[in-house]
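Below is one structure, written out as structure tokens; comments come after it.
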Amino acid sequence: MKLNRQQELAVRHVDGPILVLAGAGSGKTRVIVKRIANLITDAGIYPWHILAITFTNKAANEMKTRLETMLQESDSRKITVGTFHSVCTRILRFEHNALKLSRNFSIADEANQLTRIKRALKETGANPDILTPKLLISKISRAKNQFETPETWQNKSGYNPFNKTFAEIFQLYQQGLKADQSLDFDDLITETVRLFQNEPHILSKYQDKYRYILIDEYQDTNNAQYMFVKLLSGRYRNVMAVGDDDQSIYQWRGAEISNIINFHKDFPGAKTIKLEQNYRSTQIILTAASALMRHNKKRNPKTLWTDIQGGELIHLETWLNDKEEARAICRNITNKVNSGFRKYSDYAVLYRVNAQSRVLEEAFQSQKIPYRVVGNTSFFKRKEVKDLLAYIRLVLNTGDSVSCRRILNVPRRGIGKTTLNDLEEVAVRNGTDLFSSIGLLLQTNQLNSRKHQSLEAFVSLINALKKIDQENNAEDVVRHLLQMTGYRESFVIHASAEAKASIEIIDEFVNTVADYVVHGDGSLSGFADYLSLYSDDEDGDLGADTNQVQLMTLHNAKGLEFTGVFIAGLEEELCPLIRNNKESLSAELLEEERRLLYVGMTRARQELHLYNAERRFLYGREMVRQPSRFLYEIPSESLKQVDHARDMMQKTKSNPAAARKSFNSGDRVLHATWGTGTVVDCSGDGPTAKVVINFDRGLKKKLLAGPANLVHLNRNISRIKT
């Protein structure tokens, strides 16, 4: 395909710094590869003077493959193409003597890091339940990328006990790496920067070697990566930064959008080229996405356009609640596929947080639609869900040794592998299950006081929950379980992204059981069966089918594209995400949330469907929701809006005759005051029929059909064009 004018200008650029602002779908990888080829074939630059940096090995390999098809093999192999980490590793191995490192230094992976952190925790006597290894690894990573050292933290520890303990653990961790001649992933970059800063002759050598530097996804660089590029390009200044500040969505990983915003300050006289022609989406989608981004102040202005003709208006649908939203998405996809012009793999459903996948998965499974959860473990296979289900199974059946083994030390209660081995030996010797063996081992008085108390407390916990189950519904049992075990609180005390994701899953688990109490028989045993059956379905044929709808978070959608995209949950406090209160959403975070929606919208080639709900089941209760502020920033002429919630309410008020039809158990109905619900019993017919309804908000009502003006949702929704 022929280059457009702006792409041609970027490809033909030779000397001096250049910023290429590459909008979504504008062919940036093609431009990078073509420019490298042009430098060699037209400008006469030696290939060994060229360095191309990507963020993933996949992207690096794709770039190498493209270069091999455009250049002679001898030239393509002399170009350095790799990630920041691989390039820095190559430099450090060659310059190891300057760092007093072995040339064969080890690179500590995550498992290695965890082992070292655990060792440091043990030496300091810090509580691993409060300062978890993963939390410490994350904090050390952020400190290193800001070039902070253990000494830095010691100097600012003051009277803060956390800072003091962290400094000690950080110090022990670093000492361990040094003793073992190892570097972690952050060290690979920060140590290269320090090498360049402390050894000017080494920096000069690499500046002369890499005279032309190209960096992809520049908006995702962190402070250490920025410093590496700044130092390395210091002599010749022939640096091409390619990226899109409108797609900067990784601040939580340490990415600094200021690196691309301030490029001209760092490289005075830099040329700017905007790639605004999009080769992916229709103009309707691009117009809406560009209008959305104009509300961000911290950006380089650009407006996407395309030669692609036609295209549907963006569909914006409002539903009564998240269940109706999920059902509508399933209906729309099914209708599209049944038309014969689409297949399931043409579509993706995007959402802001992982916990949203649960309601969507239920709807997809109910409608037998093949799907795959991308970039995240399916809700039903999440560790948190399996842990809580194991507790429930053990409460229901203490003979379930598999469940007992899983949660015996979850959350941590000081019951380690040695004790577990002892219990299993007792179980084998006496022919009992694992839970029963606890009582037998306690009778021997062979345990120390701490282990004895921990095991005794565990037995008391399960027995107490068994009694609670006899007198309460499943939701009450689960809430007691969480309170008595401290399982949710074990994640609340951490500030890591992983802990927040776990809390979201746990809260969604509570939503699931509360929903079951409303729509099922309410028992703990019934809920266990319900959840187990869904888990079993996950292991069926759906996983083997490549013709699947993709379910993923907006973050995981970056870099992908689909014929049609459905974005669910466009409501305040969800998109934009507000975890605690409105004051916590700073202007900076709000702009990143807007960029995240922009990324989701620009994944769509031909169809874009936006969804929100008036009520969403959160934290065990149905909450009233407000449309996302971002929806008001999209031009109305780009939208085809259908408010199903309003239409249903109007039908209730204007057509009372609809309510005088007969009802059956299982019917979904709508009431003007109490919202949606499910009929559980009905006697009589016509306006005097007595109807018992479990409403989704948790109320159970016995109503007369005529005065209640009920609307059959499952009979009327299908008549509305979606």
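Heavy-atom basis, side chains included; hydrogens, waters and symmetry copies ignored. Only a predicted model underlies this, so the values are computations on that prediction, with no experimental measurement involved.
A donor-acceptor contact closer than 3.5 angstrom is absent between the side chains of D15 and Y236. Inspection of the S141 and S138 side chains reveals no N or O donor paired with an N or O acceptor under 3.5 Å. No side-chain N or O of Q219 forms a donor-acceptor pair with one of Y250 less than 3.5 Å apart. Residues Y598 and N296 bring no donor and acceptor atom of their side chains to less than 3.5 Å of each other. A side-chain N or O of N259 and one of T221 form a donor-acceptor pair less than 3.5 Å apart. Defined by atom type and a distance below 3.5 Å, a donor-acceptor pair is missing between the side-chain atoms of S586 and E588. Side chain to side chain, S86 and T83 meet the donor-acceptor criterion of an N or O pair below 3.5 Å.
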Query raised in the report: Please walk me through it: do I32 and V20 pass side-chain contact (heavy atoms from CB on, under 4.5 Å)?
Result: CA-CA 10 Å; I32 295 172; V20 178; over 6 Å; no
Requested in this report: Could you check D266 against K230 for salt bridge (charged side-chain N to carboxylate O under 4.0 Å, His left out), going step by step and ending with a plain yes or no?
Outcome: CA-CA 8 Å; D266 297 322; K230 192 78 167 59; 5.2 Å; no
Requested in this report: Go through the steps to decide whether F630 and L292 satisfy the test side-chain contact (heavy atoms from CB on, under 4.5 Å), and finish with yes or no.
Outcome: CA-CA 7 Å; F630 298 150; L292 176 73; 3.9 Å; yes
Requested in this report: Start with the C-alpha distance between S204 and R235, add both sets of side-chain angles, then the distance that settles side chain to side chain donor-acceptor pair (under 3.5 Å), and finish with yes or no.
Outcome: CA-CA 8 Å; S204 179; R235 178 184 296 181; 2.2 Å; yes
Report task. Take E151 and F170, measure what side-chain contact (heavy atoms from CB on, under 4.5 Å) needs, and give me the verdict at the end. Result -> CA-CA 9 Å; E151 290 72 27; F170 193 178; over 6 Å; no
Requested in this report: For Q251 and E256, run side-chain contact (heavy atoms from CB on, under 4.5 Å): C-alpha distance rounded to whole Å, both residues' side-chain angles, the deciding distance at 0.1 Å, then the answer.
Outcome: CA-CA 6 Å; Q251 181 180 345; E256 298 189 11; over 6 Å; no
Report task. Please step through side chain to side chain donor-acceptor pair (under 3.5 Å) for the pair Q113 and K134, ending with a clear verdict. Result -> CA-CA 9 Å; Q113 287 179 288; K134 286 191 175 182; over 6 Å; no
Report task. Could you check R119 against E123 for salt bridge (charged side-chain N to carboxylate O under 4.0 Å, His left out), going step by step and ending with a plain yes or no? Result -> CA-CA 6 Å; R119 190 181 304 157; E123 289 189 40; 5.7 Å; no
Report task. Please lay out, stage by stage, how E168 and K164 fare under the test salt bridge (charged side-chain N to carboxylate O under 4.0 Å, His left out). Result -> CA-CA 6 Å; E168 293 174 1; K164 184 176 183 296; 2.9 Å; yes
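Under the 3.5 Å distance criterion, the side-chain polar atoms of E199 are left unmatched by any main-chain donor or acceptor of F196. Without hydrogens or angle criteria, R595 side chain to S248 main chain gives a donor-acceptor distance under 3.5 Å. With hydrogens and angles ignored, the 3.5 Å screen pairs a side-chain donor or acceptor of N278 with a backbone N or O of S281.
The nearest pair of heavy atoms linking L232 to L51 is CD2-CD2, 3.6 Å. Across all non-hydrogen atoms, the minimal contact from I273 to A10 is CD1-N, 3.4 Å. Considering all non-hydrogen atoms of both residues, A24 and R603 come closest at CB-NH2, 3.8 Å. For the residue pair R116 and S182, the shortest heavy atom distance occurs at NH2-OG, 3.6 Å.
By the 4.0 Å N-to-carboxylate-O rule, E217 lies close enough to K558 to be salt-bridged with it. Using a 4.0 Å cut-off between charged side-chain N and carboxylate O, D245 and K302 make a salt bridge. At a threshold of 4.0 Å, the pair E572-R625 does not count as salt-bridged, since none of the basic side-chain nitrogens sits closer than that to a carboxylate oxygen. Using a 4.0 Å cut-off between charged nitrogen and carboxylate oxygen, D244 and K28 do not count as a salt-bridge pair. Salt bridge E384/R382: present, at least one basic N to carboxylate O contact under 4.0 Å. Salt-bridge annotation for D507 and R488: present, with a side-chain N of the basic residue lying under 4.0 Å from a carboxylate O of the acidic one. Electrostatic pairing of R616 and E571 counts as a salt bridge here, judged by a charged N lying under 4.0 Å from a carboxylate O. A salt bridge does not link R629 with E633: none of the charged nitrogens is closer than 4.0 Å to a carboxylate oxygen. Between E561 and R280, at least one side-chain N (NZ, or NE/NH1/NH2) sits under 4.0 Å from a carboxylate O, which counts as a salt bridge. The pair R594-E591 does not count as a salt bridge, with every side-chain nitrogen at least 4.0 angstrom from each carboxylate oxygen.
The side-chain heavy atoms of Q171 and Q154, taken from C-beta on, include a pair separated by under 4.5 Å. Between R294 and T303 the shortest side-chain heavy-atom distance falls below 4.5 Å. Between V373 and M552 there is no side-chain heavy-atom pair separated by less than 4.5 Å. Y351 has its side chain within reach of L551: a pair of non-hydrogen atoms, C-beta onward, lies under 4.5 Å apart. The shortest distance between side-chain heavy atoms of L596 and H555 falls below 4.5 Å. The side-chain heavy atoms of F147 and T152, taken from C-beta on, include no pair separated by under 4.5 Å. Taking the side chain as every heavy atom from C-beta outward, L214 and I36 approach each other to under 4.5 Å. By the 4.5 Å heavy-atom criterion applied to side chains, L183 and L177 are not counted as neighbours.
For N198, the side chain to side chain contact (heavy atoms under 4.5 Å, CB included) partners two or more places apart in sequence, or in a different chain, are R194. Evaluation of the side chain to side chain contact (heavy atoms under 4.5 Å, CB included) rule for P411 yields Y391, R413, T485, Y487, S490 as partners, not counting sequence neighbours.
For the atom pair CD of E191 and CD1 of I91, the computed distance is 13.0 Å after rounding to the nearest 0.5 Å. The CD1 atom of I18 lies 8.0 Å from the OG1 atom of T272; values are rounded to the nearest 0.5 Å.
With a 6.0 Å cutoff to the six-membered ring centre and a 45° limit on the axis angle, K500 does not count as a cation-pi contact of F491. For the pair K205 and Y210, the cation-pi criterion (under 6.0 Å, within 45° of the ring axis) is not fulfilled.
Using cut-offs of 30° and 60° for the angle between ring planes, the F263 and Y218 rings count as perpendicular.
In summary, the aromatic rings of F166 and W153 are positioned with their centroids under 6.0 Å apart. Y212 and H49 have their aromatic ring centers separated by at least 6.0 angstrom.
Heavy-atom neighbours of F94 CZ from other residues, nucleotides or ligands within 6.0 Å: at or below the threshold of 12.
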